[in-house]
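From a predicted model like this one, the values you see are computed outputs, not experimental measurements. Below, chains carry the letters A, B, ... as their sequence lines are ordered, and counting in each starts from 1.
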Amino acid sequence: MTGEYRLADGGRIDRDRPVRFRFDGHDYEGCAGDTLASALLANGVHQVGTSIRYGRPRGIAAAGPEEPNALVQIEEPFPEPMLTATTVELRDGLVASGLPGQGRLATEPDPARYDAINAHCDVLVVGAGPAGLAAARSAARSGARVIVADADTEFGGSLLGTRDELDQAPAWRWIDRVTSELQASPDVTVLPRTTVFGCYDDNYLVAVEHRGEDAFTRQRAWHIRAREIVLATGSHERPLVFPGNDRPGTMLASSARTYLHRYGVLPGRRAVVFTTNDSAYAAAVDLHDAGVEIAAVVDVRPVATTVWTARCVERGIRILTNCAVTGTSGADRVSGAQVSSLPSGDAAPAELDCDLLLVSGGWNPAVHLHSQARGTVRYSEELGALVPDRTPRGVRTVGAAAGTFTTAECLRAGSEAGSDAAREAGFHADVAEVPGSPSGPVTPPQPIWLLPGLSADSDDEQFVDLARDATVADVRKAVGAGMSSVEHIKRFTTIGTAHDQGKTSGLLSSGVIAELLGVEVAEVGATTFRPPYAPVAFAALAGRDRGDLYDPIRVTAMHDWHLEQDCPFENVGQWKRPWYYPQPGEDMESAVLRECHAVRTGVGMQDVSTLGKIDVQGPDAAEFLDLVYTNKMSTLRVGRIRYGVMCHADGMVFDDGTVMRTGEHRYLVSTTSGGAAGVLEWLEDWLQTEWPHLRVHLTSVTEQWATIALAGPRSREVLARVTSDIDLTNDAFPFMSWTDGTVAGSGARVCRISFSGELAFEINVPWWHGRQVWEALHRAGSEFGITPYGTETMHVLRAEKGFPIVGQDTDGTVTPHDLGMGWAVSKKKDDFLGMRSFSREDTARSDRKHLVGLLPPAGSAVVPEGTQLVDSTELPAPPVPMLGHITSSYRSAALDRPFALALVKSGRDRIGQTIYGHVGDELVPVEITEPVFYDKEGNRRDG
Amino acid sequence: MMLIPCPWCGPRNETEFHYGGQADVSYPADPQAVSDVDWARFLFFRANTKGIFTERWNHQAGCRRWFTVRRDTTTNEIFHDDSHEAVTR
Amino acid sequence: MAELHGESPLVTRAETLAGSSVPGVLHLSEVAFTAQVTLRVDPKSPAAERIGTAVGTMLPNQPGQVARTERLQILWMGPDEWLLIGPEGGAEQLQATLTEALGEEHGSVVDVSGHRTIVEVTGPKSRELLAKGCALDLHRRSFASDQCAQTLLARTGVVLLCRDVEQPSFWIFVRSSFARYLADWLADAAAEYRV
Amino acid sequence: MPRTPGADLPDHPDWLWNSPEPKSSYDVVIVGGGGHGLATAYYLAVNHGITNMAVLESGWLAGGNMARNTTIIRSNYLWDESAGLYEHAMKLWEGLEDELDYPLLFSQRGVLNLAHSLQEVRDSKRRVGANRLNGIDAEWLDADQVAEICPILNTSEDLRYPVLGATWQPRAGIAKHDHVAWGFARALDRMGVDLVQNCQVTGFDRIGDRITGVRTTRGDIAAGKVALAAAGSTSVLADELGLALPIQSHPLQALVSELLEPVHPTVVMSNAVHVYVSQAHKGELVLGAGIDSYNSYGQRGSFHTIERELTAAVELFPMFARAHVLRTWAGVVDVTPDASAIMGLTPFENLYVNCGWGTGGFKATPGVGWCYAHTIAHDEPHQLNAPFNLDRFTTGALVDEHGAAGVAH
Ligand SMILES: Cc1cc2nc3c(=O)[nH]c(=O)nc-3n(C[C@H](O)[C@H](O)[C@H](O)COP(=O)(O)OP(=O)(O)OC[C@H]3O[C@@H](n4cnc5c(N)ncnc54)[C@H](O)[C@@H]3O)c2cc1C
Ligand SMILES: NC(=O)c1ccc[n+]([C@@H]2O[C@H](COP(=O)([O-])OP(=O)(O)OC[C@H]3O[C@@H](n4cnc5c(N)ncnc54)[C@H](O)[C@@H]3O)[C@@H](O)[C@H]2O)c1
Ligand SMILES: Cc1cc2nc3c(=O)[nH]c(=O)nc-3n(C[C@H](O)[C@H](O)[C@H](O)COP(=O)(O)O)c2cc1C
Ligand SMILES: [Zn+2]
């Protein structure tokens, strides 16, 4: 027998499969099918933890996700903070402990896998209680694609916790039948252990499926797009507010019934049942029949319902109407309840011994998802609950979630909603038959928020939110401080902000506020229902986009070659680019100096495939490019290449690259590596929405080509070894032109472009040939000491030439003029993007920041990039006026000294002046120069 | 996750699209002729409607077309009652 | 044809894909070196008609529609855009055919054979595998044989083509620089089927 | 009684504020009872002696972005203009708890802004340099130093976008947002300023271009001066006057975990992977993301933003894997083209505007109050907010905080 409170038979647990676990250092045994809570109760353990503010003992108050109290920390199989014992499935080897309100994170990485999947359906049914099952069956029979999800381990909802009959047989028979029918339908997805936790726009719902600790995927997030949704999420029983209502052994009445019927556990031996409505009577009767002594049913109503009175009388259960529990006794477990008559009543006050105090203050429909779906709720006086009011299109809220509390009604409403939903989704659907269910007359509850006549002294023993340890005294204090909005009082008292998000305390606090303010509950309203419906692990949402899959790694055709060199890579957008190629024993600086030297004196090669490439075609291509580049592209001759700058309409540089004219009506535009997608979209935007009359087509061809830059005085010789059909002489193949030919056996488009200032070629070959051509060039260059170089060397070489890098030497506040690129801004065009902005007051200022060169004293250290520049040899008190900052800074192999590029106020007018870089707490002198440091005359580009 | 109705590909998840803000803001016919104030309007000022808003979307991960949508900015409800084919800025 | 074509983008992921395949459940492989050409032309123009005649089938004019001839598959990519897929080595000739049929009319023909490669996914778990990263409804009723879509798969853009709805078979066109990422992602997604 | 250490907040004072009926006329009416409206009223009263004043709030006091923000306070902005204003705010924060006599839980636990790319490293160093010259405490830390300050952060080189370093502002930190609002509100109540809730301004009374009062859901109210402090809703008000503002309202989401034992000693922000995290006073992890792309007044955003944010969070903080999301929410943030605010005069006499604080105005709250109060009282901007005028969009003199300072939370 697993625990002295376990019944010999009954329930959905498997007594033949004992499960060993450890709680708070003690070893226990439960059964397969238990939750941690049911197993603890079976072993007579009620206290689970202590409360967060007052350290009071706290027990198990519920049997589901609404549990406000029974917080546990899982230790084994893997540390997980703050779960409710009522939702932890028992498993062999589970080790857990009670929590005082703060959880503890694991220090080692979580080894489990999490993933996500997209799903589509015609009808999504959330909740598989009687309403949800009936809905799913109606919908499924129409042929519609149905998903039915329930948070619980098995379907059946509240029925699992009762001994109700359907069609004169135990309800679980019907549940099993319907579940099997659903499972057998090919277009139905059955998802137990799946909590739908959020409802977003256009019927997009997100759920998390708990697939098991040992499953390949521990948890799976479901992203469900549903045409129609049926919300059959049931309801949560509401506790009552009275002094000492937090003692372990105090439990929601229906939860006690669930422990009895579903888990075969007696939650106590002698119970007092305190209620405002009929539902708790079922608990009293069932527990009595299972052997629990019922000390009394204490009902705040003046008269109890006839049928229930009869059933109690039959069993000798005493009913105290017009009475309330006004206090409890006991240390770490309730041992007695004080019952008083309500002011208008006449039953005598009494002290009743008990080890279980069942409470029922009515039912809160689970309108969370309904509300997230933008349904509205209203306060129903009759039910003392928030019920759905307006329901948005595509959503149906039914069953207890809609305030329907008899099984018969839930079944009927569910079945209708299921067929309605299927019909709305375009299927022919009948309302599936529902099983017969006995249902007696129901007397309305009498909602009660604060017991009348209690002295204010007891306020701080009357808990409104057990999870947050918030009492009536706290609410009274908030109201007394002048607060009247439920939102303020929530934040003042922290009611409803714990793990359970106020499932049991939310409306309760509204009721208490209403009483204290003397207004209607409807006027107080409730706080906002926000996702998630139940807590969900970060990792479950992080899914598989982790590690290398966090973001795509983009690689070029030559990537493996780079890998084989063991070079470090730089992330450039999503691309991996070789940063530098260190030789054994080299650090970055020496590698880069060597690479630079090779390009300046011999030959180097770089993989530049990552540059974006866009094919621009059409009779108006030239006109279009004239509009989007600052310079003129229409005058470019076929076969020639021009460097171009693009500005946003605000006049600030946002991308640059070369433009090749490949035909009368055709260009190939290149972009920065990180900017390709943005540029294409930008061009499409203008083309489609502003200039649709222009006959131009844009096609991205970035990966069509693998591109190799071959740079250095010996580059022509290297290329000559691998091509025979291209005349490489300057006359035949001048700077800034291109030609087609064969390189290393591959068709190639070869350009004479130079970003280094040296004689250079850019060889474009179809992607598939990239590596083979790269290797051929590398082989052909070996006798010239060909040196592969990475982005760092490329940066140094171009900086020596004063070529800016968009995004490094610019930051979105820099115009082409600021860069000293007035030459690239056409004065002959009527308009181009950005042009108008150049004449704005601030943009036209002459004292803007200019891109200039800086020279620290020869022999000094490289001044760090980012260094701010000032005008004085001594720092005044802050704020110190700043002149600008260093955007690029390197040691130059060619110049044998450090140098830098910087944006400096009026920089071009200050050439020759010395200013100071603020490095650490030092001021380092730097001389302002032209930005071109190397080969100002451009003699080297022709070799 | 909104479902954005691409006039070509049909409704797709919001994540396939790029948002383009207010529709119907056209580039001045002769930018050099407009005042600094009007140019600033064009550059930086867009309607920020609370309620039904006509806005632009680009089906970035799909057909790459720009189109307009009418959406209620308080509820994200999209109105399917008009032709989306007109592409305007 | 390695000499002719060098290396396909997924040559180093062939094993990854093969290793992720589970007989009777899922098969993953690269379809390399197909000829791919992007065509842009006004579908209502005489040029479009000429092109139809030249290639042997009208350009599909419904979103997501695919037309086939013996040699070609023509995928609708946009209201005036198609992707034509032909046999290995056929890009030159295909471009020539299209360019000639286009004549003087405004349109564009661009070789994109190297721009994307193709991963073929077949087997009963194909749809589930794709659903892990693709938000489109891939149900047989929604995405049938000879339908295509441009969409997102995992964190990259793809063109998805349903080759066979009965014995599920898909082609995923992915840009060459993203291909390894996608292969790795697919392998990771398929890992559960191997245990 | 034993309390769970740290899991509880200090008590509030016994009295906070009244909820008066609006009077028919005030010297100054402030539209919007968020942090900015309240702080402005406070400094109008304290620095300029104006108390015949009302703060009109359409809902519950400080229930807008003030109730929703991730409470990061820092002043390490790039540009001099921003640095001036935010650092002024920082100095005020440092004395505010005493001044308001309210436990604001201002905790100067420092803020790390991570750099994940070489360009971010450059930008970070540039910002640190600028900060120091502006008298703001700032340091550049390499990855090892980052790990020392925040050991739970994943600084391994295997990350897809490894942490290459961070900027560090030790005086930065967090404060309890509600307490800040309530501290101002209590002080205002004591000084006789009317805090009128459930009072939505629906229009303006004007004579020509002179504003004379506001129309509200609780009647018309005459006002000597009207100051807008309505954050994400400012456009709606400005539309009533045909006053165009370059702001767009977007959802910005945040979320919290359950209460956890202290693990996270500071505040970490990452621009590149779009997540920022602190552990608030009770122990909950508070996380924010980037804005949702589309315009919205819905106070809710899209799920994929949350999902991406959590992926980044778990990458950066592997130990968060099994922390649980308890609640997500959104505010409506007013974003400008240059990611800097607008504060100053308007083309209308007696009408002032403060908006465009977007994702980062909580930290500025006392600074805004101080400068905006000055602007209203003197009918001309304080030197610190002068650069944040509306004209800059015409002249082009933007204060563009996109480039280098990144997300402005
Ligand atoms: C999720 C999130 C995270 C953030 N994180 C940070 C952060 O970490 N650090 C930081 O510094 N900033 C942050 N911010 C930004 C910060 O919250 C805002 O910039 C700041 O709160 C705006 O000023 P406010 O407090 O006055 O705005 P609000 O609190 O929004 O105040 C505006 C008030 O005006 C009221 N109102 C609107 N229209 C009317 C009307 N017609 N009549 C009367 N009243 C009206 C509104 O109801 C509202 O209460 C964040 C914002 C969000 C949403
Ligand atoms: N006597 C009473 O006053 C009273 C009160 C309430 C309920 N009931 C009984 O309870 C039953 C109500 O039937 P029902 O079908 O409406 O509800 P139910 O409570 O039987 O079932 C609701 C189901 O929804 C699931 N669920 C809730 N939220 C979910 C979510 N976000 N994601 C996934 N699953 C979720 C729950 O796990 C549960 O299984 C009836 O039998 C009714 O008689 C009686
Ligand atoms: C810094 C901060 C911490 C918060 N901590 C919690 C928390 O511990 N529990 C909780 O339920 N909500 C917490 N919230 C969120 C609020 O409950 C609420 O969602 C937020 O104020 C927005 O209001 P709304 O959701 O009612 O629209 C926190 C909010 C902020 C700004
Ligand atoms: Zn589309």
> Heavy-atom count around A/Glu108 CD within 6.0 Å, excluding the residue itself: above 12?
Replying inline: yes
> More than 12 foreign heavy atoms under 6.0 Å from CG of A/Asp548: is that the case here?
Replying inline: no
> Does one side chain, of D/Asp400 or D/His402, offer a donor that lies under 3.5 Å from an acceptor on the other?
Replying inline: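 A donor-acceptor contact under 3.5 Å links the two side chains.
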>> Can a side-chain donor-acceptor contact be found between A/Ser888 and A/Gln808 if the only test is distance below 3.5 angstrom?
In response: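 Checked: A/Gln808/A/Ser888 side chains pair up, N/O donor to acceptor below 3.5 Å.
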Between [X] and chain A, which part of the residue has a heavy atom less than 4.5 Å away: side chain, backbone, both or neither?
X	result
D/Gln197	side chain
D/Ile152	neither
D/Asn18	neither
D/Arg300	both
D/Leu287	side chain
D/Pro13	backbone
D/Val256	neither
D/Thr395	both
D/Trp140	neither
D/Val263	side chain
D/Gln119	side chain
D/Leu159	neither
D/Ala83	neither
D/Phe317	neither

Donor-acceptor list for residues 535-546 of chain A side chains, cut-off 3.5 Å, not counting sequence neighbours:
residue, atom, partner, partner atom, Å
A/Arg544, NH1, C/Trp185, O, 3.4
A/Arg544, NH1, C/Asp188, OD2, 2.7
A/Arg546, NE, D/Glu315, OE2, 2.8

What part of [X] lies closer than 4.5 angstrom to a heavy atom of chain D: side chain, backbone, both or neither?
X	answer
A/Glu570	side chain
A/Pro79	backbone
A/Phe197	side chain

> Do NZ/NE/NH1/NH2 and the carboxylate oxygens of A/Arg468 and A/Asp474 come within less than 4.0 Å?
Replying inline: no
Hey, which of [options] has the most heavy atom pairs under 4.5 Å with chain A?
options	answer
D/Gly135, D/Gly129, D/Ala7, D/Ala323	D/Ala323
D/Leu310, D/Val314, D/Leu260	D/Leu260
D/Arg308, D/Lys125, D/Arg132	D/Arg308

Show the nearest heavy-atom pair for residues [X] and [Y], with the distance to one decimal.
X	Y	value
D/Leu164	D/Leu118	CD1-N, 3.8 Å
D/Glu87	D/Ser75	OE1-OG, 2.7 Å
D/Gln279	D/Pro262	OE1-CA, 3.4 Å

> D/Asp189 and side-chain hydrogen bond (donor to acceptor under 3.5 Å, both in side chains): which partner among D/Trp17, D/Trp15, D/Trp182?
Replying inline: D/Trp15
> D/Phe303 vs A/Tyr204 aromatic rings, parallel, tilted or perpendicular, using cut-offs 30° and 60°?
Replying inline: tilted
>> Counting heavy-atom pairs under 4.5 Å with chain D, which one of A/Gly101, A/Gly920, A/Gly547 comes out on top?
In response: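 Most heavy-atom pairs under 4.5 Å with chain D: A/Gly547.
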> Which residues pass the side-chain contact (heavy atoms from CB on, under 4.5 Å) test with D/Glu120, sequence neighbours left out?
Replying inline: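 For D/Glu120, the residues satisfying side-chain contact (heavy atoms from CB on, under 4.5 Å) (neighbours in sequence not counted) are D/Ala115, D/His116, D/Ser117, D/Asn271, D/Ala272.
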